[in-house]
Amino acid sequence: SDLSQLNLLTVPVGPDLPPQAIDWKGAPLEVLFTYDIKWEPSDIKWASRWDLYLYMGDDQIHWFSIINSLAIVLLLTGIVAMIM
């Protein structure tokens, strides 16, 4: 469907929509990407705005990440030791 015929002020976007077609004739093309945001009032206090993302409700330690970090440190230490 041609979006220019829909007479919209904004173009709907989302993961379920196909990519927007670009009329390209083989010449160098500059695509400008812009977006708008809409600020909405919230009852969340400024100091606690990250609590939702930082709170670990199940007190789970991420063992895979810890072991992975230690393995990388040991690997890089071994590489530096071989170079020296």
Side-chain angles (χ1 to χ4, degrees):
S1 72
D2 188 11
L3 292 177
S4 63
Q5 295 177 356
L6 294 177
N7 201 11
L8 298 174
L9 296 176
T10 61
V11 177
V13 294
D16 55 338
L17 295 174
Q20 182 179 358
I22 297 176
D23 187 20
W24 182 55
K25 305 291 184 199
L29 179 67
E30 180 179 350
V31 177
L32 299 177
F33 178 78
T34 62
Y35 64 95
D36 292 327
I37 58 171
K38 178 182 175 186
W39 296 99
E40 296 181 1
S42 174
D43 295 331
I44 300 173
K45 295 185 186 230
W46 180 258
S48 61
R49 66 193 183 281
W50 285 98
D51 289 350
L52 176 66
Y53 305 106
L54 298 176
Y55 177 67
M56 288 179 50
D58 56 359
D59 295 329
Q60 175 187 358
I61 297 175
H62 299 280
W63 288 109
F64 178 76
S65 298
I66 293 171
I67 293 171
N68 189 29
S69 298
L70 288 174
I72 291 173
V73 166
L74 291 174
L75 176 72
L76 293 175
T77 301
I79 291 173
V80 169
M82 286 191 312
I83 292 173
M84 299 180 95

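All heavy atoms count here, side chains included; hydrogens, waters and symmetry mates do not. Because the structure is a prediction, the values reported are computed rather than measured.
- In terms of the ring-ring contact (aromatic ring centres under 6.0 Å, His included) criterion, W46 has no residue partners (sequence neighbours excluded).
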Please tabulate, for the side chains in residues 65-84, all donor-acceptor contacts under 3.5 angstrom to protein atoms that are two or more places apart in sequence or on a different chain.
{"from": "S69", "atom 1": "OG", "to": "S65", "atom 2": "O", "distance (Å)": "2.9"}
{"from": "T77", "atom 1": "OG1", "to": "V73", "atom 2": "O", "distance (Å)": "2.7"}

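- Residues passing the side chain to side chain contact (heavy atoms under 4.5 Å, CB included) test with S42, sequence neighbours excluded: I44.
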